[in-house]
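A short worksheet on the structure shown next.
The figures here come from the full heavy-atom set of this structure, side chains too, leaving out hydrogens, waters and symmetry mates. As the structure is a prediction and not an experimental result, all values here were calculated from the model.
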Amino acid sequence: MAFRGRLRLAAVALALTALGGVALAAEPEKAATDKPQIDRPLGVVELFTSQGCSSCPPADELFAELAGKDDIVALAYHVNYWDYLGWQDTLSTKENTERQYDYMRAFGSRSVYTPQAVINGRSHVNGASRKDVDGALARMDRTGEGMRVAIKVSRTSDRVIIDAGDAGNGPADAHVVIVYFDPPQMVKIGQGENSGRSLTYWNAVSDIQTAGMWHGKAQRYELPMTEIAKKGGCAVLLQSVGKDGMPGPILGAAFIHKP
């Protein structure tokens, strides 16, 4: 099933407003953030991993380091196709697995694997290789394949404001994707290839929702704070989508910090 069709329209989308054009509404009064926001991070790392895969713990450890960096939006998608080995991944979802298969089709690959790190929605590398992950991020930053569109996040007492910048002569359309993830948690694995190990998992994705469209010009979106506050963590991705509905390059990204 295509990326476009599977991303469930956010329930909050009815409360989301988009103001097109370069001229934006006045900044909300007393907008605040917990710490300075980085409107153009170095890049986005999406790790596809599994608690039942013996090759994944080194990638999970590297990912924990990436998740601690302010200039990287790191998201971990636990997949379910290794569950048959004897341990059902407690953080996996069908939607996470489907997202990886969509990337497989977008990249023209014939199979999926773990640990796989997708960098900026543009290419994939071994998620356990620091050299490959760091190298892909640096190369894309040099060649203009990094975060080309600034995403600024602020908030008031009752809403989150997302300001997506102007693309200039760049791409014209993208989805505004909201990715929810769990807080760090330790899991004791009882069976399978990692039986007996206790591993800590960071930024494990629990839900993916599309909340709007961006058309290349500066645009504002608003989300109710109540929706953000009840989740463990949240990030916004500005991701292009191919004509076949497959996920494309990520043009901008930011974390949405809770109060």
Checklist entry - Hey, what do you get for OG1 (Thr93) to CZ (Arg99), rounding to the nearest 0.5 Å? => result 11.0 Å
Checklist outcome for this item: To the nearest 0.5 Å, atom CD1 of Ile178 lies from atom CG of Leu223 at 5.0 Å
Checklist outcome for this item: Glu61 meets the salt bridge (Lys or Arg N to Asp or Glu O under 4.0 Å) criterion, sequence neighbours left out, with none
Checklist entry - Between Tyr103 and Pro247, is any pair of side-chain heavy atoms under 4.5 Å apart? => result yes
Checklist entry - Should Pro115 and Asn126 count as side-chain neighbours, where that means a heavy-atom distance under 4.5 Å? => result yes
Item to check | Aromatic plane relationship, Tyr81 with Tyr101 - under 30° parallel, 30 to 60° tilted, over 60° perpendicular | outcome: perpendicular
Checklist outcome for this item: The side-chain hydrogen bond (donor to acceptor under 3.5 Å, both in side chains) partners of Thr90 (sequence neighbours excluded) come to Gln51
Checklist outcome for this item: Nearest heavy-atom contact between Val73 and Ala253 is CG2-CB, 4.0 Å
Checklist entry - Can you tell me if CD on Gln88 sees more than 12 non-hydrogen neighbours from other groups inside 6.0 Å? => result no
Item to check | Any side-chain heavy-atom pair of Ile119 and Met140 under 4.5 Å | outcome: yes
Checklist entry - Taking all atoms of both residues into account, what is the closest heavy-atom pair of Ile250 and Gly121, and its distance? => result CD1-N, 4.0 Å
Next on the checklist: Could you see if Met104 belongs to whatever hydrophobic cluster contains Leu75? Use Ile, Leu, Val, Met, Phe, Trp, Tyr and a side-chain cutoff under 4.5 Å.
Outcome noted: yes
Next on the checklist: If I take atom OG from residue Ser206 and atom CG from residue Asp182, how far apart are they, to the nearest 0.5 angstrom?
Outcome noted: 4.5 Å
Checklist entry - Can a donor-acceptor pair be found between the side chains of Asp132 and Ser129 at a distance below 3.5 Å? => result yes
Checklist entry - Taking only residues at least two apart or on different chains, which pairs with a member in residues 197-217 satisfy ring pair (Phe, Tyr, Trp, His ring centres under 6.0 Å)? => result His78-Tyr201
Checklist outcome for this item: Closest heavy-atom pair, Asn203 versus Ala67, reported as atoms and distance to 0.1 Å, is ND2-CB, 3.9 Å
Item to check | Student check: side-chain heavy atoms of Pro57 and Asn194 closer than 4.5 Å | outcome: yes
Next on the checklist: Is any side-chain heavy atom of Tyr77 closer than 4.5 Å to one of Glu46?
Outcome noted: yes
Checklist entry - Do Asp102 and Arg105 sit within salt-bridge range, that is, some charged N less than 4.0 Å from a carboxylate O? => result yes
Checklist entry - Under 4.5 Å between side-chain heavy atoms, hopping through other hydrophobics if needed: is there a path connecting Leu47 to Leu137? => result no
Item to check | ring-ring contact (aromatic ring centres under 6.0 Å, His included) against Tyr113, all qualifying residues, sequence neighbours excluded | outcome: His124
Checklist entry - Would Asp207 and Gln209 count as having a side-chain donor-acceptor pair, cut-off 3.5 Å? => result yes
Checklist entry - Would you say the side chain of Met225 lies within less than 4.5 Å of the side chain of Arg159, judging by non-hydrogen atoms? => result no
Checklist entry - So, for Gly127 and Leu62, which heavy atoms are closest and what is the spacing to 0.1 Å? => result O-CD2, 3.6 Å
Checklist entry - Would you say Asp89 and Val79 make side-chain contact, with heavy atoms under 4.5 Å? => result no
Checklist outcome for this item: Sorted by chain and number, sequence neighbours left out, side-chain hydrogen bond (donor to acceptor under 3.5 Å, both in side chains) with Ser123 holds for none
Checklist outcome for this item: CD1 (Ile228) and CD1 (Ile256) are apart, to the nearest 0.5 Å, by 4.5 Å
Item to check | Partners passing ring-ring contact (aromatic ring centres under 6.0 Å, His included) against Phe63 (at least two apart in sequence or in another chain) | outcome: none
